[in-house]
Amino acid sequence: MTFPPAPRRTRLPLRLRRHPVAWHRQHPTWSMARPALIADVLRRAQGRPTGNWYVVGPSRDLRPDRPLARTVAGEETVLWRDAHGGIAAGPGVCPHLGAPLADSRVHCGTLFCHWHGLALDGRPFAGWEPWPAHDDGVLLWVRLDRAGGEGPTDQPLVPPRPAAAGALAAVHMTTGVCEPEDVVANRLDPWHGSWFHPYSFVDLTVVDVPGRREGDDAFVVDVSFKIAGRLVVPVRAVFTAPGPRTVVMRITDGEGEGSVVETHATPLGADARGRPRTAVVEAVLATSGRPGFTAARRAAPLLRPVIRYAAGRLWRDDLAYAERRWVLRSTGRFPAPGEPGGPLPRAD
């Protein structure tokens, strides 16, 4: 199968849209965003293994002097740095009288319960049992075998990424009232990009979808990132779902080739009204072969807030999408996807 040519890389990453199309005049995408196709890809993603690993948050959030507490899949969880700089994790409830270990203090790699001083160094003690944890340099993971219910793996299945030494990484985290599948379904609908996010994406075309080629379960998208006015950066991006709680977007052609955006959906537990809550942890790992990118990496402390702001703006919209999907599903009003199959309608 022959695809349209990918955006060419030029000396300057920016391009000027010579014939911009107004938002209301762009080609409708609803007939191409087939519910059955999205549901089928989501179903296959839900069947892929996770090893019972859940993303907790950014690695940068775990400091040497204090613990990091999260509720993951309904389990109170606490993480801290041990005496060797590694990561320790386990239940966030003190086995003595139930104190919240989230409020404990860390000294020389030992967690001291602030109620009675019970000390934990990451090894089993006084009825407290550790959980496997992993720091991949960008994200923190914890393995919850009881919640996951799968065959456990020694380490999480981290998607391939650019080499850390040559990448600029930033992580955005937010929370919504929905389930992980609603977040993943949002990312498996690339057709909504230029309609729902016109401030960020223009000239979006889905050039390939899962099922067209045997063994290929990816969406291929040509899109331009909007910079200002008519200035854009065109790229080709590939979306895949390597697991039930993860979607990866990888730039395969154009500026930033090799850059990755990992979107992880972590179930937290029910809120006071019994509704499910899910954390969206999105890691952006940007890379470029341009000489100026070295300077950009040096400016990482200044650029990370900008990247997080851009991701946050998108997720304000996309969480509304995911939350709406959950409301409709939970009340039996979500449109039936129908039967998969049939050709993808032409974009022209």
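In this view, Arg277 and Thr175, Leu268, Asp271 satisfy the side-chain contact (heavy atoms from CB on, under 4.5 Å) rule, not counting sequence neighbours. Checked against salt bridge (charged side-chain N to carboxylate O under 4.0 Å, His left out), Arg245 has no partners two or more places apart in sequence or in another chain. Scored by the salt bridge (charged side-chain N to carboxylate O under 4.0 Å, His left out) test, Asp121 finds Arg123 as partners (sequence neighbours excluded).
Classified by interplanar angle (parallel below 30°, tilted 30° to 60°, perpendicular above 60°), the ring pair His192/Tyr321 is tilted. In this structure, Phe112 and His107 have tilted ring planes: the angle between them lies in the 30° to 60° band.
The CG atom of Leu139 lies 10.0 Å from the CE atom of Met173; values are rounded to the nearest 0.5 Å. Atoms CG and CD1, from Asp40 and Ile38 in turn, are 11.0 Å apart once rounded to the nearest 0.5 Å. The CG atom of Leu118 sits 9.0 Å away from atom OG of Ser104, with the distance rounded to the nearest 0.5 Å. With rounding to the nearest 0.5 Å, the separation of CD in Glu150 from CG in Leu144 is 12.0 Å.
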In residues 71-87, what donor-acceptor pairs under 3.5 Å come from side-chain atoms, sequence neighbours left out?
from  : atom 1 : to     : atom 2 : distance (Å)
Glu75 : OE1    : Arg146 : NH2    : 3.1
Glu75 : OE2    : Arg146 : NE     : 3.0
Glu75 : OE2    : Arg146 : NH2    : 2.4
Thr77 : OG1    : Glu75  : O      : 3.0
Trp80 : NE1    : Gly109 : O      : 3.2
Arg81 : NH1    : Asp135 : OD2    : 3.1
Arg81 : NH2    : Asp135 : OD2    : 2.9
Asp82 : OD1    : His84  : N      : 2.9
Asp82 : OD1    : Gly85  : N      : 3.0
Asp82 : OD1    : Gly86  : N      : 2.7

Expected list for residues 301-310: side-chain donor-acceptor pairs under 3.5 angstrom, two or more places apart:
from   : atom 1 : to     : atom 2 : distance (Å)
Arg304 : NE     : Ala169 : O      : 2.8

Step by step, work out the side-chain contact (heavy atoms from CB on, under 4.5 Å) result for Val209 and Met32. CA-CA 10 Å; Val209 297; Met32 291 173 276; over 6 Å; no
Pair Arg143-Asp145, salt bridge (Lys or Arg N to Asp or Glu O under 4.0 Å): steps then yes or no: CA-CA 6 Å; Arg143 198 183 82 194; Asp145 293 338; 3.0 Å; yes
Stepwise, does the side-chain contact (heavy atoms from CB on, under 4.5 Å) test hold for Val248 with Val260? CA-CA 7 Å; Val248 177; Val260 166; 3.8 Å; yes
Could you give me the CA-CA distance, side-chain angles and deciding distance for Asp61 and Arg70, then say whether salt bridge (Lys or Arg N to Asp or Glu O under 4.0 Å) is met? CA-CA 11 Å; Asp61 283 2; Arg70 295 277 192 271; 3.4 Å; yes
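Using a cutoff of 4.0 Å between basic side-chain nitrogens and carboxylate oxygens, Asp208 and Arg236 are not scored as salt-bridged. For the pair Arg324 and Asp182, the salt-bridge criterion is not met [side-chain N within less than 4.0 Å of a carboxylate O].
Around the CG atom of Asp65, the shell of radius 6.0 Å holds more than 12 heavy atoms that belong to other residues, nucleotides or ligands. Atom CZ of Arg60 has 12 or fewer heavy atoms from other residues, nucleotides or ligands within 6.0 Å. Other residues, nucleotides and ligands place more than 12 heavy atoms under 6.0 Å from the CZ atom of Arg48.
By the criterion of side-chain heavy atoms lying less than 4.5 angstrom apart, applied directly or through intervening Ile, Leu, Val, Met, Phe, Trp or Tyr residues, Phe196 is not grouped with Val206; the two fall into different hydrophobic clusters.
With ring centers used as reference points, Trp30 lies 6.0 Å or more from Trp195.
For residues 257-307, every residue pair satisfying the ring-ring contact (aromatic ring centres under 6.0 Å, His included) rule, not counting sequence neighbours, is listed here: Trp141-His264.
Relative to the six-membered ring of Phe334, Arg325 meets both conditions, a distance below 6.0 Å and an angle of at most 45° to the axis.
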